[in-house]
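Within every chain, numbering begins at 1; the chains are lettered A, B, ... in the order of the sequence lines, protein sequences first and strands thereafter.
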2 protein chains.
Amino acid sequence: MERANGAPERGSAREAIVQAAIDCFYERGYETTSVQDVVERAKVTKGAFYHHFEKKDDLLLHIHDRFMDELLTAMEELRARQLPPREALALLIEDIVVATATYQREYAIFFEQRRNLAAEPFQKVRAKRDQYERLVVQAIEDGIAKGAFRAVPSAHVLAFGIIGMVAWAYHWYRPSGLSPQEIGRMYASVVLDGIAPA
Amino acid sequence: MERANGAPERGSAREAIVQAAIDCFYERGYETTSVQDVVERAKVTKGAFYHHFEKKDDLLLHIHDRFMDELLTAMEELRARQLPPREALALLIEDIVVATATYQREYAIFFEQRRNLAAEPFQKVRAKRDQYERLVVQAIEDGIAKGAFRAVPSAHVLAFGIIGMVAWAYHWYRPSGLSPQEIGRMYASVVLDGIAPA
DNA sequence: CGGAACATACCGGCCGGTCGGTATGGGCTC
DNA sequence: GAGCCCATACCGACCGGCCGGTATGTTCCG
């Protein structure tokens, strides 16, 4: 089976399209990117695209959905370990920073391009995002209930603050400075000291 | 000078267009919004639009630019007061949360639609954003230098963390819960405790 | 040989931007 | 203060290109 050297394997088109789309959407945004742009970057044709996807929307939805699955899986695994509150929150913060660095483009696309998704298909993704947020809130409420953290006016607002602090890294993170782990540990120490019981 | 009741005043079109654009861009994004959408919402015509603006880009640029000016002004005023580090940082955090609540749509547009601006016109806006970030970094470095805050691996990374924590509110803030001031004070107390000297 | 995986040509609509024209009102001249 | 003039502020019909999506043909593999 002598396949010409650079020729793509038959059947690999789908993932190539998704990866190309991630690049394009990250660099130029969803609406600004034409289907033609994506298929050219993926080195396939428009026919191949519409064979694998119904419409352009599906592509964005698929990227969002898979991304949320990755995040949720990591988060559920962490919760399953049943760590004491301080370690749990510290690891959670560290994990999110690492995830932000790893999935930087997907984060950017998720937060910048979600207004381009129709309301209905976005529901499914939003449910997963809500679940994600709930896990962070629970980690904090758990710590407060166990006396590991001081009481705060609102565990939800604190949780959003932590998520923001950490997720914001998608805006500025570059591999040249501190490593994701170092950044995560730094943020965790600030937060843990900040909410330590009096 | 009896002007007919509902008739818009001559010359008021420009601001009406800008406000309509902020609404549209916030709700549906820049590319998804057509110039036709904007002028219909502003109750003017396409001719009026292209009289006041050269192209669609100008609109987005104008929104970004004016927004950054508002933020920078507030920040410069705060710095001019020369407060001691702890008060300065606390007020800074509180101010940004209040600004986030006040300019929620502009924040969203700034962070979600900036990939739709060509690189060159965006330079001017980016310079202002950089200046803004620099002021936050300085507030932290100043506090560390004066011994009011403990040393951290990177003042820049900490500054970005604080900005993220606070600016993230544009995603979730709703007037029904805690007030912006309360949120700001809560975040400030966590951060100040978190970076207090050992 | 059948169906999955593509390729290619093409269409119809929308959208940014243009262009020739009109109305309004403030200032200047006499 | 009457007439004029012209800049500013708008109007609205129109165009050309691009882009999402389709329809139909072709190739490869089991």
Lys46(B) side chain N/O closer than 4.0 Å to the phosphate oxygens (OP1, OP2) of dG12(D)?
-> no
Decide, yes or no, whether a salt bridge links Glu76(A) with Arg79(A) under the criterion of side-chain N to carboxylate O below 4.0 Å.
-> yes
Of the listed nucleotides dC11(D), dC6(C), dG21(D), the one nearest the side chain of Lys55(A) = dG21(D)
Can you check the Asp37(A) CG to dC19(D) P distance for me, whole Å?
-> 7 Å
With Phe122(A), which of Leu117(A), Asp65(A), Leu61(A) fulfils side chain to side chain contact (heavy atoms under 4.5 Å, CB included)?
-> Leu117(A)
Could you say whether Glu54(B) or Thr45(A) is positioned toward the 5' end of DNA chain C, judged by the nucleotide with the nearest heavy atom to each?
-> Thr45(A)
Passing candidate, side chain to side chain donor-acceptor pair (under 3.5 Å) with Arg115(A), options Glu31(B), Glu112(B), Gln113(B) | Glu112(B)
CG of Asp58(B) versus C1' of dG16(C): gap in Å, rounded?
-> 13 Å
Side chain of Tyr50(A) - closest among dG12(D), dT18(C), dT22(D) = dT22(D)
Protein-nucleotide distance (Lys56(B), atom NZ; dC15(C), atom C1'), rounded to Å | 8 Å
Rounded distance in Å - CZ (Phe53(B)) to P (dC10(D)) = 11 Å
From the list dC6(C), dG20(D), dC11(D), which nucleotide is the closest neighbour of the side chain of Val35(A)?
-> dG20(D)
Can you tell me how far C1' of dC6(C) sits from NZ of Lys43(A), to the nearest Å?
-> 18 Å
Atom CD of Glu40(A) and atom P of dG20(D) are separated, to the nearest Å, by 12 Å
Please state whether the phosphate of dT8(D), meaning OP1 or OP2, lies under 4.0 angstrom from any side-chain nitrogen or oxygen of His51(B).
-> no
Using a 4.0 Å heavy-atom cut-off across all strands, classify Thr33(B) as base, sugar-phosphate, or nothing.
-> sugar-phosphate
Stacked cation flag Lys56(B) on Tyr50(B), 6.0 angstrom / 45 deg | no
dA9(D) C1' sits how many Å from Glu15(B) CD, rounded?
-> 17 Å
Residues Tyr173(A) and Gln104(A): side-chain donor-acceptor under 3.5 angstrom | no
Counting side-chain heavy atoms from CB outward, which of dC15(C), dA5(C), dT18(C) is closest to Ser34(B)?
-> dC15(C)
Atom pair distance, as rounded to whole Å: CG in Leu59(B) and P in dG16(C) | 11 Å
